[in-house]
Amino acid sequence: MSPVRVSHLSRGCTDVLCCILFVLALLGYFVVGIVAWSQGDPRKVIYPTDSSGQFCGQAGTRKKPFLFYFNIMKCASPLVLLEFQCPTTQICVEKCPDRFLTLKKVVSSKNDQDYYKAYCKEGTDLSTTVITHRCFPALGKNKAGAVVVGNRTVFDDGSDMINSTDLLEGAKSSNKVKELRLVAMKIFEDYTRSWYWILLGLVIAMVVSLIFIILMRYLAGIMVWVMIVMAILVIGYGIVHCYMEYARLKQQPGSDITLQDIGLQTDFAVYLEIRQTWLAFMIILCILEVIIVLLLIFLRKRILIAIALIKEASRAIGYVMSSLFYPLLTFALVALVIAYWAITAVFLSTSNEPVYKVFNETDCPHSRETCDPKTFNTSNISAVCPDAQCLFAFYGGETYYHKYLILFQFYNLFLFFWCANFVTALGQVTLAGAFASYYWALKKPDDLPAFPIFSSLGRALRYHTGSLAFGALILSIVQVIRVLLEYLDHKLKGAQNKFAKFLLSCLKCCFWCLEKFIKFLNRNAYIMMAIYGKNFCSSARDAFFLLMRNIVRVAVLDKVTDFLLFLGKLLIVGLVGIFSFFFFSGRIKATEDVGFTLNYYWVPILTVVVGSYLIAHGFFSVYAMCVDTLFLCFLEDLERNDGSMERPYYMPESLLKVLKKRNDAKAVD
């Protein structure tokens, strides 16, 4: 049997065609970003913008800080959220109207005409209120519960009878972006007041994770049992705390209302004053506790083998310490991809411009042509068609860029998934190559490369960029399809066709399962690629059939190990989360002297919890990748020796002893 050499020898470039396609796609992505940055203006997200492109309350309109909509009903379009613009004429005004008027009434009243000069020439005028410097209808309800505006449920706009509920839908859709903006501003204030404490919490999470990793290097068996016991105790404390909060709120009036009654609230602290919230938390934690205990009972005999695998992973990481810091590179690259996608998306969404068309009552050869309101009166059109007017038509543009703007948005989304998955794949194949070098080294650590991580990263970029792009492409296609299915599900929420809803739910479930399977297959394909240097399809095929030939071993050993590592992450997140909850909610007396107030104290808590999970996941993902690589190498090692339990060439002694102690191969099977 010839030894396995994880090196540059006998390797060649794989999936070159996909590599070329990926490079061309990236070049196109950069072009889209550059064009979007030259056309868009992110200030449209922050400031109200009229149909002439002026920012209300800024230079040129400082005395007109409010935005008035000609026809609020057109704001019910879903494009409002995508383009940050309502498809109707908008003007900056000094103050919002405080009278209920329609154009029909204005025409018949001189006093109303004088008042209405500050507003629009056409459309309907409504009694309005101010929300984030936008003018919205002052809608209310009468004693019967019907929606009214100006104490009327319907009104005549001169051409049709309009129902007040139509105005309500338009105002709701247009106001979604503005409400989100208000919440975002409050969240930003909370971050400015508590960022240093959040940073401290994340540093604590990193230190705790690093201590766990170091202790597992020398005390893997003890640390695994400590993680199991501590995870059970932390979840148990969560159950007790939820019950105490549930009992405490029993004495408070109004705490028995349901979550359905209060609906969606921007202040999440409201939910914590409802008994049903703590009851739901308690039930979820109880279910999680029972599942963990049952799994530990049924898998108690397999945990010893999993601990042996973790011990060997700890030894491998000890020889390749630089692997613990590689997730920082992955995190930085993923953050770069997310930032580029988000910035490009904002610029694309704010690229639309107001388009003006020629409108006339008599025959005119220039009817519906694009015009410029600033030069219209001096143009030939006004001479040929005296009654023609240059009026706002829609938001968009006449160029090819504006016509295909929705395709650019889709391209931006697709390349985001592709690039993010490529970065993840690069990290997986880099770590797999380093740990495979450890496993297949006859003399450890003498036969290891001087810099295993850098050597593996160089091999991945030099030979397997195309294969990584191929695997990432397949996963990205499935993820984009899932996004489209979620969009269709959102659109069909009000539909009555139950068969369509059922079919859509089935498709969502199938593609969710498909995405999980592809992620699992890709991960193992990258390990085989790192070992043998084959292309993606060959590596995926070899990995799949190797796992299928050892399906019981995969289910018992690999997944038990993943479960134990998950308990480690859960323990770190739980400890840091409990500490941050008591700190930011002011339940620790020592924190009263900190002296900062928050709009939403759940903002720093959630940030610390999510950040702690990402940090713990970053450290433990190295362990998980090491375990998966060693496990796949172990299976390959067994098959290369005809499945016998005699000393294979490369199997670690510690793992071999445990396998023999567990009644030879039966312990694995």
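All of these numbers come straight from a predicted model, not from anything done at the bench. Values reported hereafter were calculated over all heavy atoms of this structure, with side chains retained and with hydrogens, waters and symmetry mates removed.
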Original post:
Among all residues two or more places apart in sequence or in another chain, which pass the side chain to side chain contact (heavy atoms under 4.5 Å, CB included) test with Ser322?
Top reply: Val320, Ile453
Subject >> For Val208, all residues meeting side chain to side chain contact (heavy atoms under 4.5 Å, CB included), sequence neighbours excluded >> reply: Ile204, Phe212, Ile572
Subject >> Side chain proximity check, Leu27 to Val31, heavy atoms < 4.5 angstrom >> reply: no
Original post:
When rounded to the nearest 0.5 angstrom, what distance separates CD1 in Ile235 from CG in Leu285?
Top reply: 7.0 Å
Original post:
Is the count of non-hydrogen atoms from other residues, nucleotides or ligands lying under 6.0 Å from Phe566 atom CZ greater than 12?
Top reply: no
Subject >> Ile239 side chain reached by Phe281 side chain, heavy atoms, under 4.5 Å >> reply: no
**OP:** For Phe417, check ring pair (Phe, Tyr, Trp, His ring centres under 6.0 Å) against everything at least two apart and list the hits.
**Re:** none
Original post:
With Ala469, which residues qualify under side chain to side chain contact (heavy atoms under 4.5 Å, CB included), at least two apart?
Top reply: Cys18, Phe22, Trp418, Phe422
**OP:** Test side-chain contact (heavy atoms from CB on, under 4.5 Å) on Cys419 and Leu26 and set out the steps.
**Re:** CA-CA 9 Å; Cys419 293; Leu26 285 179; 3.5 Å; yes
Subject >> Audit row: Met625, Arg523, side-chain contact (heavy atoms from CB on, under 4.5 Å) steps and yes/no >> reply: CA-CA 9 Å; Met625 197 67 203; Arg523 185 182 179 90; 3.5 Å; yes
Subject >> Shortest non-hydrogen contact between Ala460 and Thr430, atoms and distance >> reply: CB-OG1, 4.4 Å
Original post:
With no hydrogens and no angle check, is any side-chain donor or acceptor of Arg275 less than 3.5 Å from a backbone partner on Leu249?
Top reply: no
Without placing hydrogens or testing angles, list every side-chain donor-acceptor pair under 3.5 Å for residues 604-620, not counting sequence neighbours.
residue, atom, partner, partner atom, Å
Thr607, OG1, Tyr191, OH, 2.7
Thr607, OG1, Val603, O, 2.7
Ser612, OG, Val608, O, 2.6
His617, ND1, Lys569, NZ, 3.2

Original post:
With side chains defined as the heavy atoms from C-beta onward, is the minimum distance between Phe414 and Ile477 less than 4.5 Å?
Top reply: yes
Original post:
Counting N and O atoms only, with roles assigned by atom type, does the side chain of Ser580 sit under 3.5 Å from a partner on the main chain of Val576, one being a donor and the other an acceptor?
Top reply: yes
Original post:
Is there side-chain contact between Phe511 and Val478, with heavy atoms separated by less than 4.5 Å?
Top reply: yes
Original post:
Excluding sequence neighbours, so at least two apart, what forms ring pair (Phe, Tyr, Trp, His ring centres under 6.0 Å) with Tyr319?
Top reply: Tyr438
Original post:
Are Leu514 and Ile481 side-chain neighbours, meaning at least one heavy-atom pair lies under 4.5 Å?
Top reply: no
**OP:** Sequence neighbours left out, what passes side chain to side chain contact (heavy atoms under 4.5 Å, CB included) with Val240? Give chain and number order.
**Re:** Met244
Donor-acceptor contacts, no H, no angles, side chain residues 329-346, under 3.5 Å, sequence neighbours left out:
residue, atom, partner, partner atom, Å
Tyr340, OH, Tyr29, O, 2.9
Thr344, OG1, Tyr340, O, 2.7

Subject >> Spacing of Leu294 atom CG and Glu289 atom CD [to the nearest 0.5 Å] >> reply: 10.5 Å
Subject >> Lys516: partners by side-chain hydrogen bond (donor to acceptor under 3.5 Å, both in side chains), with sequence neighbours left out >> reply: none
Original post:
How long is the gap from OH on Tyr237 to CD1 on Ile578, to the nearest 0.5 Å?
Top reply: 6.0 Å
Original post:
To the nearest 0.5 Å, what is the distance between CG (Leu348) and CG (Leu413)?
Top reply: 11.5 Å
Subject >> Plane angle bin for His241 and Phe581 - parallel if under 30°, tilted between 30 and 60°, otherwise perpendicular >> reply: perpendicular
Original post:
How far does CD of Gln39 sit from CG of Leu405, to the nearest 0.5 angstrom?
Top reply: 9.5 Å
**OP:** Could you grab the distance from atom SG of Cys509 to atom CH2 of Trp512, nearest 0.5 Å is fine?
**Re:** 7.5 Å
**OP:** Under the side-chain hydrogen bond (donor to acceptor under 3.5 Å, both in side chains) rule, what do Asn421 and Gln479 come out as? Steps first, then yes or no, please.
**Re:** CA-CA 10 Å; Asn421 290 326; Gln479 289 174 333; 2.9 Å; yes
Original post:
Does the side chain of Leu484 reach to within under 4.5 Å of the side chain of Leu488, using non-hydrogen atoms?
Top reply: no
**OP:** Check whether any side-chain heavy atom of Tyr411 sits under 4.5 Å from a side-chain heavy atom of Leu415, and report yes or no.
**Re:** yes
**OP:** List in chain and number order the residues that pass side-chain hydrogen bond (donor to acceptor under 3.5 Å, both in side chains) with Asn522, two or more places apart in sequence or in another chain; answer none if no residue qualifies.
**Re:** none
**OP:** Would you list the pairs meeting side chain to side chain donor-acceptor pair (under 3.5 Å) in which at least one residue belongs to residues 618-627, sequence neighbours left out?
**Re:** Ser314-Tyr623
Original post:
Between Ala316 and Cys626, which heavy-atom pair has the shortest distance, and what is it?
Top reply: CB-SG, 3.8 Å
Original post:
Taking only residues two or more places apart in sequence, or in another chain, which ones meet Glu515 in a salt bridge (Lys or Arg N to Asp or Glu O under 4.0 Å)?
Top reply: Arg482, Lys519
Original post:
Any luck finding a side-chain donor-acceptor pair between Gln409 and Ser349 under 3.5 Å?
Top reply: yes
Original post:
Per the side-chain contact (heavy atoms from CB on, under 4.5 Å) rule, which among Leu431, Val429, Leu521, Thr424 passes with Tyr526?
Top reply: Val429
Subject >> Test item: Ile317 and Phe435 side chains (from C-beta on) under 4.5 Å apart, heavy atoms >> reply: yes
